[in-house]
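So that the names make sense, note that chain A is the first sequence line, chain B the second, and so on, each numbered from 1.
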Amino acid sequence: MDWGRIRFFLGEVQRNFTRNAGMQITAIGTVAVTIVMLGIFLYARSALIHAESGVFSQIEISVYADPAATAAQETVIRTALAQDPRILSVSFIPKREGLAQMRRLMKGQIDTSLLTENPLPDKFRIRVREAQEVPAVARSIARLPHVQNVEYGREVVQRLLQLAAVMRPVGIAVIVLFLLVAGIIISNTIRLTVFARRREISIMQLVGATNMYIRMPFICEGLLAGIAGTAIAVGALALARASLVPKIASALPWLPMNTVAVDLSTLVLELFAVGAAVGALASWIAVGRYLRT
Amino acid sequence: MISIRGVSLVYPNGVRALDNVSLEIGKGEFIFLVGHSGTGKSSLLRLLYREMAPSIGHITVDGIRVDRLARGRIPALRRRLGVVFQDYKLLSDKTVWENVAFALQVTGAHTRDVRRQVPRALDLVGLAHKSRMYPNELSGGEQQRTAIARALVNNPKLLLCDEPSGNLDPANTTEIMELLRRINLKGTTVVVATHNQAVVDRMRRRVVRLDNGRVITDEERGYYFLGLGQDQILSG
């Protein structure tokens with residue numbers, strides 16, 4: 001390795017980078033904002049996508065019996081459910097088992113040993129043949145005697161997923177727009193540097209430097225801006241994930257997020273790749289315009 | 001070294017800078033291009049280092065067909081010749097040493113070549129002792145010598161000078177011309193575009209006179225004015 005050559009090259013990059021510090025900060029900031037948005041988008045998509053696939057097969061109705069209902073009265077409910085042709089399957093979860101299930105689910109989150117008695121009612125879990133019939137079935141069950149409550153919370157999920165389907169193209173459009181803006185700002189920053197160095201560039205051309213050689217410091221400058229912006233964004237995202245995701249998960253428990261399934265290292269790599277590519281591409285275009293004339 | 005045949009250059013605005021110019025310049029020659037401002041001297045030089053391409057005609061420089069040179073090959077041509085300008089074109093934030101080294105560094109030269117070639121070039125122009133100074137700390141003549149060192153650091157066989165003494169007083173002009181003469185004695189072909197009559201008349205070299213983009217005379221050991229040297233004016 002020719003250390004002198006590398007040092008000369010790095011010196012050129014550093015001079016470029018520090019010459020337009022103000023503009024560089026703007027460019028880095030824009031990249032950071034863009035990458036944060038892209039990061040949130042990709043993370044949410046990754047977390048939701050795993051939940052989404054199972055949703056339709058999982059639509060079910062929970063029927064809670066009146067806590068005061070006797071075993072005979074619950075049998076009436078069970079018979080009525082069994083006779084409904086729209087219902088595919090019925091499973092009965094007695095309150096003892098319900099509590100045991102809850103203990104397992106809430107382990108470490110809620111101290112269930114504090115419970116002096118079982119607060120849960122007996123529950124029937126019902127699968128319906130056709131997803132569209134869920135609301136009608138739920139209504140008719142609610143009219144049965146000794147039924148306290150009927151829930152099919154997955155409907156909320158369905159709405160949410162419909163919303164997500166609408167939001168996805170909007171999100172992509174916003175991100176593309178931001179990437180474009182980031183690219184233009186980086187491109188302009190590089191053009192300022194190119195302009196400030198036009199004398200050097202003309203001398204480089206005069207003594208026979210190749211266009212590729214002239215381009216390299218500027219490409220590196222753009223790359224650096226892209227990577228620096230991404231680094232800031234990734235830092236902000238990591239903070240947000242650590243502090244916000246648990247809060248979101250507990251505030252919106254019905255949100256079908258599976259944050260464990262998100263491959264964080266791949267996501268971070270993707271973000272850095274996008275940041276670096278935007279920086280490099282923008283400066284390539286900026287210098288190219290100058291070298292052609 | 002240089003072969004120019006039937007070359008015309010018309011600028012996009014319609015100005016005809018060169019009109020059917022033909023010229024042969026041999027290896028090791030020292031030649032002046034003279035004429036008033038705007039007669040095409042600089043344009044002719046620009047064609048030689050491919051700052052521009054001729055509208056028609058053939059140009060060969062050191063075996064390279066310059067008139068139809070692909071954009072990607074221009075750097076290779078430029079590395080085989082040196083160019084010096086009236087305004088020196090030095091980088092003010094680099095020292096003399098760095099300015100000269102720059103020409104090698106940006107063409108990807110090895111550090112050991114830079115360390116060997118730069119002192120040699122600075123020795124040649126007599127600026128080794130000022131290598132750490134910045135251009136604005138130097139006289140005009142020293143700045144031009146730095147520019148010449150930069151042009152020569154690649155060991156080119158051809159040196160193109162566009163009004164090298166244009167910004168210099170007579171003493172510095174003499175100094176620069178003496179340097180160019182020495183460079184020529186070492187075998188480098190030197191082409192000097194100038195309208196400095198004293199320089200041309202003192203050197204008594206080949207003089208190609210341009211007028212309105214045409215070569216009107218081409219004399220061995222010529223004077224600035226056609227067939228009428230200063231001594232003839234004085235004695236006549």
| message | I need the residue from B:R80, B:K94, B:R50, B:R112 with the largest number of non-hydrogen atom pairs under 4.5 Å to chain A. | response | B:K94

| task | Spell out, as yes or no, whether a donor-acceptor pair under 3.5 Å connects the side chain of B:R78 to the backbone of A:Q205. | result | yes

| query | Do A:L206 and B:Y49 have side-chain heavy atoms sitting under 4.5 Å apart? | reply | yes

| request: For chain A, find which of B:A101, B:P156, B:A109, B:A151 contributes the most heavy-atom pairs closer than 4.5 angstrom. | output: B:A109

| request: Of all the heavy-atom pairs spanning B:L91 and A:I203, show the shortest one and how long it is. | output: CD2-CD1, 3.7 Å

| Shortest non-hydrogen separation from B:P75 to A:A209 and the atoms involved | CG-O, 3.8 Å

| query | Hey, does A:R5 have a side-chain heavy atom less than 4.5 Å from the side chain of B:H110? | reply | yes

| query | Which heavy-atom pair separates A:M204 from B:V106 by the least distance, and what is that distance? | reply | CG-CG1, 3.8 Å

| query | Which atom names give the shortest non-hydrogen contact between B:F102 and A:E200, and what distance separates them? | reply | CE2-O, 4.1 Å

| Taking everything shown except B:R65 itself, do over 12 heavy atoms lie less than 6.0 Å from its CZ? | yes

| message | How about CZ on B:R115, more than 12 heavy atoms from neighbouring residues, nucleotides or ligands closer than 6.0 Å, or not? | response | no

| task | Report yes if the side chains of B:Q105 and A:F9 come closer than 4.5 Å at any heavy-atom pair, otherwise no. | result | no

| said: Is B:L90 close to chain A through its backbone or its side chain, or both, or neither, when contacts mean heavy atoms under 4.5 Å? | reply: backbone

| message | Quick one, A:Y213 and B:T107 - any side-chain contact, counting heavy atoms below 4.5 Å? | response | no

